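From a predicted model like this one, the values you see are computed outputs, not experimental measurements.
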Amino acid sequence: MITNVNLSDISKSIFLRLGARYTNYWKNLNGKIFNFNYRQIELKQFVKIAKIKNVKKGDLTEEYQLIDLANIEPGIGFLNDLDKNIVSEIGSDKIILDGADIVFSRLNSHIGYVFLMEDIPNSKISVIGSTEFFPLKVDNTTIPSKLLKYYLLHREFRKKAIFIRTGKSQSHPRIQVEDFMRFKFPILPQKVSIELIRKINIFEDEIKKKKLEYESLQNIIESVFLKYDIKKPSLDENFHIKIKPMLSNIANQRYMRIGAEYMSFWMLRKGCLFQSEDKNKYPIIPMKRLIRKYNATVIKKGLMTDTRILVEFEHIQSLNGKIENLSNVVTEVGSDKIEFGNADFLTNKLRPYLGYTIINPKHLNIIGTTEFIPFSIINKLNTSVNYIRYVFLSSEYLKQSKLLMSGKEHPRINISDILNIRIPLPKLTIQHNIVREILQRELKSAKILKEIKVIREKIDNIILDTLNYTKIIKEK
């Protein structure tokens, strides 16, 4: 993008940023999300950040309801699996969300992680979440919380969020609170707002009805893995075993980590991902005997000699490991990337619990974020790449990866930990049967998911239609 910018335009920003898209957005749209010529006000005029109280990592004195990004349906804002996230110990600092009306994630805001606190089932325990969250207190007499939620989830907002996000890598871009509070949103007459929310509620009910037909990939994998004795039923989620590792135990692992949960995975579970019903039925093999890191070529930031398809996390269905957008063709990249090359599959080392494990469509010669780890199958005569993909997308891997990752703001899992995880390896014919059964149900769920997205798109459209109709009435 090329734009003419004066120094006076740059000086209006608290951050004195020079980026063309950032400066061009504030210069030409001045914070507007919807480009309609009627009253729009800055977020800071009717929204405040709720008082933030930090909860330090480690053992907690009481139980909390923890909400992670993985609990939020991106772009929809519904909450899932909260009953599985009641915690008495946390691996990183969190903030208390009580007192907020809306919670907005400044991280990956262009993907759409927003939810209403009123959607959390009534509970006597406090709610905590990532330090990446903005807990927002809303003046509902100006713009109702539900309408603001869908403003923040609207495709137009998410487009604008790309212009103002910061961060060297596009794998963890953030919106700064000062910029966030300068966004402008339209104020509708009260009757119009009430009617719009009524229509949104109808579409929400349609989505919820469709979701009853939808089977998550994790539940599908769970069901099929149980059928084939890859695993046994999970223990009570509230059952915890804690250990105190000896110095000798810590010294025996590469990263010298002392976390109890990290060490218990290796000492008590012996690195086994699944609790197998019959450990003699299938050999339990460390990943390093099945997969190896693919030596990917690094593409340095800047202009490239040819056009390439760029795949970032935002182009992949979280928890489903499916590339949704292959039309992002670029000739220039703003940060280093890797060539997928001949890798068989890739998984995300950054926030591994978000489930971005994908099969590599080798014929497309894709590039992507360096937060991917590319892998090759060592022996395709005994290991199915699709079986391995489903292992990485299983509930067990998503859960255990949280315990294995390290880092406060950008938690990552180390490749050596991945390669030392042990999994059951049935004969190749059985792997193929497992993959076939999961795939059949996965395709059915994918069809339902598309129908949900069509309904969700109607909410964006009805907002635009309402804004346009209000504009016409005002002009008359």
In terms of heavy-atom contacts, Ser126 and Asp98 come closest through OG-OD2, 2.8 Å

### Task
Ignoring hydrogens and angles, tell me if any N or O in the side chain of Asn54 forms a donor-acceptor pair with the backbone of Lys56 under 3.5 Å.
no

- Query: Between Asn328 and Leu310, is there a donor-acceptor pair closer than 3.5 Å when you use the side chain of the first and the backbone of the second?
  - Reply: yes

| query | Do Phe104 and Val114 have side chains that get closer than 4.5 Å, going by heavy atoms? | reply | yes

Closest non-hydrogen atoms of Gln218 and Ser394, given as atom of the first, atom of the second and distance, are CG-C, 4.4 Å

When rounded to the nearest 0.5 Å, the distance separating CD1 of Ile430 from OH of Tyr282 is 4.5 Å

* Main-chain N/O of Asn80 paired to Asn71 side chain as donor or acceptor, under 3.5 Å -> yes

- Ion pair check, Arg456 and Glu73, cut-off under 4.0 Å: no

- Query: Sub-3.5 Å donor-acceptor pair from the side chain of Ser223 to the main-chain atoms of Ile220, do we have one?
  - Reply: no

Taking every heavy atom of Ala100 against every heavy atom of Val103, the minimum-distance pair comes out as CB-CG2, 4.4 Å

Exercise. Given side chains that start at C-beta, do those of Ile67 and Phe115 come closer than 4.5 Å, heavy atoms only?
Worked result: yes

Heavy-atom nearest pair, Ile162 first then Glu314, reads CD1-OE2, 4.4 Å

Do the charged groups of Lys160 and Glu156 touch, with an N to O distance under 4.0 Å? yes

| query | Does atom CZ of Arg441 have more than 12 heavy-atom neighbours from other groups under 6.0 Å away? | reply | yes

Separation between OH (Tyr214) and CG (Asn219), nearest 0.5 Å, reads 9.0 Å

Practice item. State, with a plain yes or no, whether a side-chain heavy atom of Leu136 is found less than 4.5 Å away from one of Phe180. Key: yes

In this structure, OG1 of Thr383 is separated from CE of Met287 (nearest 0.5 Å) by 10.5 Å

(request) For Asp68 and Ala70, indicate whether the former's side chain and the latter's backbone hold a donor-acceptor pair under 3.5 Å. (result) no

Taking Glu312 first and then Lys337, would you say they form a salt bridge - that is, a charged N and a carboxylate O separated by under 4.0 Å? yes

For the pair Arg308 and Glu339, find out whether any cationic side-chain nitrogen is under 4.0 Å from an anionic carboxylate oxygen. yes

Does any part of the side chain of Ile309, heavy atoms only, come nearer than 4.5 Å to the side chain of Asn365, both counted from C-beta? no

- prompt: Are any side-chain N or O atoms of Glu118 and backbone N or O atoms of Asp101, one a donor and one an acceptor, separated by less than 3.5 Å?
  reply: no

Exercise. Could you check if a side-chain atom of Leu152 sits within less than 4.5 angstrom of a side-chain atom of Phe183, using non-hydrogen atoms only?
Key: no

Requested in this report: Taking only Lys NZ, Arg NE, NH1 and NH2, and the carboxylate oxygens of Asp or Glu, determine whether Glu371 and Arg351 approach each other closer than 4.0 Å.
Outcome: no

Scanning both residues in full, the closest heavy-atom pair of Ile230 with Pro424 reads O-CG, 3.4 Å

Verdict with reasoning, Lys210 to Glu213, per side chain to side chain contact (heavy atoms under 4.5 Å, CB included)
CA-CA 5 Å; Lys210 274 291 176 187; Glu213 305 173 30; 3.9 Å; yes

* Pair Lys57 + Asp93: basic N to acidic O under 4.0 Å -> no

Do the side chains of Leu97 and Ile128 get nearer than 4.5 Å, heavy atoms only? no

- Residues, nucleotides or ligands: over 12 heavy atoms within 6.0 Å of Asn379 CG: yes

- Hey, does the side chain of Gln400 reach the backbone of Leu273 with a donor-acceptor pair shorter than 3.5 angstrom? no

For the side chain of Gln431 and the backbone of Tyr387, is there at least one donor-acceptor N/O pair under 3.5 Å apart? no

Mind checking whether Leu268 and Lys270 have side chains closer than 4.5 Å, heavy atoms only?
-> no

Show, in sequence, the C-alpha distance, side-chain angles and deciding distance for Leu319 and Ser216, and conclude whether the side chain to side chain contact (heavy atoms under 4.5 Å, CB included) test is met. CA-CA 9 Å; Leu319 303 180; Ser216 75; over 6 Å; no

- Query: Would Phe345 and Ile388 satisfy side chain to side chain contact (heavy atoms under 4.5 Å, CB included), going step by step from the backbone distance to the final call?
  - Reply: CA-CA 9 Å; Phe345 74 99; Ile388 296 298; 3.7 Å; yes

Run the side chain to side chain contact (heavy atoms under 4.5 Å, CB included) test on Ile459 and Leu153 for me, step by step, so that the C-alpha distance in whole Å, both residues' side-chain angles and the decisive distance to 0.1 Å come before the verdict. CA-CA 10 Å; Ile459 295 179; Leu153 287 174; over 6 Å; no

Under 3.5 Å side-chain donor-acceptor pair for Ser445 and Lys447
no

Q) Are Ser92 and Lys94 linked by a side-chain donor-acceptor pair shorter than 3.5 Å? A) yes

Closest non-hydrogen contact found for Ile291 with Phe375 is CD1-CD2, 3.8 Å

Using 4.0 Å as the upper bound for N to carboxylate O, is an ion pair formed by Lys209 and Asp205? no

Quiz prompt | Exam field: side chain Arg389 to backbone Ile358, donor-acceptor pair closer than 3.5 Å | solution = no

Answer yes or no: are there more than 12 heavy-atom neighbours, outside Lys444 itself, under 6.0 Å from its atom NZ? no

Check your understanding: Taking 4.0 angstrom as the limit, do Glu222 and Lys231 come out as a salt bridge?
Key -> yes

Arg436 and Asn386: side chain donor to acceptor below 3.5 Å: no

Review point. Is there a donor-acceptor pair closer than 3.5 Å between any side-chain N or O of Arg158 and the backbone N or O of Ile111?
Key: yes

Here the gap from Ile316 atom CD1 to Glu324 atom CD, rounded to the nearest 0.5 Å, amounts to 9.0 Å

Within a radius of less than 6.0 Å around NZ of Lys293, do more than 12 heavy atoms belonging to other residues, nucleotides or ligands occur? yes

>> Side chains of Asp336 and Thr370 only: does a donor on one sit below 3.5 Å from an acceptor on the other?
In response: no

Between Tyr228 and Glu437, does any side-chain donor sit less than 3.5 Å from a side-chain acceptor?
yes

**Report entry** Side-chain donor-acceptor pair present, Tyr294, Asn360, cut-off under 3.5 Å
**Finding:** no

Separation between CD1 (Ile452) and CZ (Phe203), nearest 0.5 Å, reads 15.0 Å

Distance col, row Ile299:CD1 vs Thr305:OG1, nearest 0.5 angstrom, shows 8.0 Å

Is there a side-chain contact between Ile338 and Phe372 (heavy atoms, below 4.5 Å)?
yes

Does a side-chain N-to-carboxylate-O contact under 4.0 Å join Glu457 and Arg155? yes

